[in-house]
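As the structure is a computational prediction, the values presented were derived from the model and not from experiment. Just so it is clear: chains get the letters A, B, ... in the order the sequence lines come, proteins before strands, and each one is counted from 1. Values reported hereafter were calculated over all heavy atoms of this structure, with side chains retained and with hydrogens, waters and symmetry mates removed.
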Number of protein chains: 2
Amino acid sequence: MPHLPNMSVPAEDFDDFRKMTLLSMEEICRDIFKENQHRIKIKKEAVAVRNLVNIFHTTLQISNEKGFQTMSLRDLSRVSGLSMGALYSYFSSKDELLEMIQNQGRRITLKILSQRIRAGDAPSVQLQTAIRTHLYLTEVLQPWFYFSYMEAKNLKKTHRKKAIESDLVTEEIIREILEKGAEKGEFRVDHPMLTAAVIKAMLQDWYLKRWKYSGRKIPVQAYADFIIEFVEALVLRKSSESSR
Amino acid sequence: MPHLPNMSVPAEDFDDFRKMTLLSMEEICRDIFKENQHRIKIKKEAVAVRNLVNIFHTTLQISNEKGFQTMSLRDLSRVSGLSMGALYSYFSSKDELLEMIQNQGRRITLKILSQRIRAGDAPSVQLQTAIRTHLYLTEVLQPWFYFSYMEAKNLKKTHRKKAIESDLVTEEIIREILEKGAEKGEFRVDHPMLTAAVIKAMLQDWYLKRWKYSGRKIPVQAYADFIIEFVEALVLRKSSESSR
DNA sequence: AAAAATAAAACGAGCGCTCGTTTTTTATTG
DNA sequence: CAATAAAAAACGAGCGCTCGTTTTATTTTT
């Protein structure tokens, strides 16, 4: 059991997040159903949602193990228990399945971050909130985020562009917070863009290397605390503490 | 053009690295040829090396664009200009091609890091060297490192284990440097393992998001300088500079 | 002359996808 | 309420194609 970062943050913070955001596989699939009526041939919402949960859960499971391209629809059929024909009631091609999954995450990330970052807060509070929220979000939806990251290369060009833009949204948010903090004299940030990009990398490592942190028994709160500490060491430096 | 990090480091440092390490596609393929005589049917080294360069270059190019599984051997044949029959003179299965590529990088990383990190140096110098060396190395061999990261899931279980171990080697090296610095009272490191993991994430972002940094015209030296600054802000903190 | 590569064909397995058929669910009727 | 009909959901065999792989006579390169 590694010595954990600063544990003064209440241990229930992540559970609060979970309760407040009410993110579940079912809610996500209900949204997908509503937005994709034109491509899903099933009329009954309850039936559709139930099977979409199954389909996406199974797709993420298999794909995150061996890759979306390596997974065949026969794999998906066998593991999900749905026939080949039934699968095609929910999407009309394997590519479409990919797009449906990739389209999630984007709106969720932006939505949750926007909700939780309050405009009136001090930049230092906003920065902590941004970091913590992103990590908690990716903790709840780890398979989705992992999939989106690893399978982005399978997207057609137009959709790949959207994925890239989405990737940059979080960075933008962080960059803006950093810049505002610098303007107010709270932060020392020489390169907001680069700093935001590197912070993003720290956040992504959590869901990309989930096996590693899980194996080391590091809870998401501890990781969040540590990243905040790391980042604040940089941006809250005093002038005389320049490393060079 | 973004305002760049501390440019007091001589601009030729990366070029020096390049000259000193003599890493080239050709040298790598020569090593591969020598280590794989049993599976490569070509007897003449010059011929074999030339074609291995072609095969690997093409494989990395296509795979890094759309994935190893998505790339077919007919794709590889067409783009490389080698016939299907000729390809099978160099590897006996698509899986073997994968392994040959994945086996690179590991020994190179360990070798170059070991060479460049001198035991007698102060921990702060070692830390800078480790960070800089890793980044320069992945700059020279970006397609290899990117491939290794993204395609690790295609490996069979035994090889995947090796890939994971290899992933942890760099972290180990960094962790040891941090711990030594802490013992000597040079560094303030509460969680060497976690710190090393996050530093690794910063290093990996360079080669995983090459398009982003390239698009922003950030040279590897500038990135290295920035990461060093970021990390030193944490480990070189004074006691009173605790962020909380 | 030996080595390397080509070009073409072929194999068997599996792929994404389609479509006729069957089953289940729901609505209607007596 | 039970029986029937209609709608919805699901099934699964098979299509056309591609895949990784192998083989061989011939050509090209060293």
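- Regarding B:Leu97, its CG atom lies at a distance of 14 Å from the C1' atom of D:dT21, rounded to whole Å.
- Between B:Met71 atom CE and D:dT18 atom P the separation is 18 Å, expressed in whole Å.
- Computed from coordinates, the A:Ile42 CD1 to C:dT24 P distance equals 15 Å when rounded to whole Å.
- Other residues, nucleotides and ligands contribute more than 12 heavy atoms inside 6.0 Å of the CZ atom of B:Arg39.
- A:Ser83 has no side-chain polar atom (N or O) that falls below the 4.0 Å cut-off from OP1 or OP2 of D:dA10.
- Atoms CD1 (A:Ile40) and P (D:dA10) sit 12 Å apart, rounded to a whole Å.
- Where B:Gln69 and B:Arg50 meet DNA chain D, the nucleotide closest to each residue was compared, and B:Gln69 sits on the side nearer the 5' end.
- Using a 4.0 Å heavy-atom criterion, one finds that B:Ser89 contacts no nucleic acid atom at all.
- Put simply, NZ on B:Lys94 is 15 Å from C1' on C:dA13, counting in whole angstrom units.
- Side-chain atoms of B:Ala86 lie closest to C:dA5 of the nucleotides C:dC17, D:dG20, C:dA5.
- In this structure, B:Asp75 places its CG atom 7 Å from P of D:dC19, rounding to the nearest Å.
- When distances run from any side-chain atom of B:Tyr88 to the nucleotides D:dT22, C:dA4, C:dT6, the shortest one goes to D:dT22.
- The phosphate of D:dC19 has OP1 or OP2 within less than 4.0 Å of a side-chain N or O from B:Ser72.
- Checked against C:dG16, C:dA5, C:dT25, the side chain of B:Val47 finds its nearest nucleotide in C:dA5.
- You'll find the side chain of A:Lys200 reaches within 4.5 Å of the side chain of A:His134, heavy atoms only.
- Listed nucleotides: D:dG20, D:dA9, D:dG12. Nearest to the side chain of A:Met84: D:dG12.
- Each of D:dT21, C:dA4, D:dA8 was ranked by its minimum atom distance to the side chain of B:Lys44; first place goes to C:dA4.
- For B:Tyr90, a side-chain nitrogen or oxygen approaches OP1 or OP2 of C:dA5 to under 4.0 Å.
- Rounded to a whole Å, the NZ atom of A:Lys41 is 11 Å from the P atom of C:dC17.
- Aromatic ring centroids of B:Tyr207 and B:Tyr146 lie 6.0 Å or more apart.
- Both the sub-6.0 Å distance and the 45° axial angle are not jointly satisfied by B:Lys41 relative to the ring of B:Phe91.
- A distance below 6.0 Å separates the ring centres of B:Phe226 and B:Phe230.
- Considering only the side chain of A:Leu73, C:dG16 comes nearest among D:dT21, C:dG16, D:dA10.
- No hydrogens or angles were tested; on distance alone, nothing pairs the side chain of A:Arg74 with the base of C:dG14 as donor and acceptor under 3.5 Å.
- Using a 4.0 Å heavy-atom criterion, one finds that A:Phe91 contacts no nucleic acid atom at all.
- Residues A:Phe68 and B:Gly81 both approach DNA chain C. Their nearest nucleotides, taken by heavy-atom distance, put B:Gly81 toward the 5′ side.
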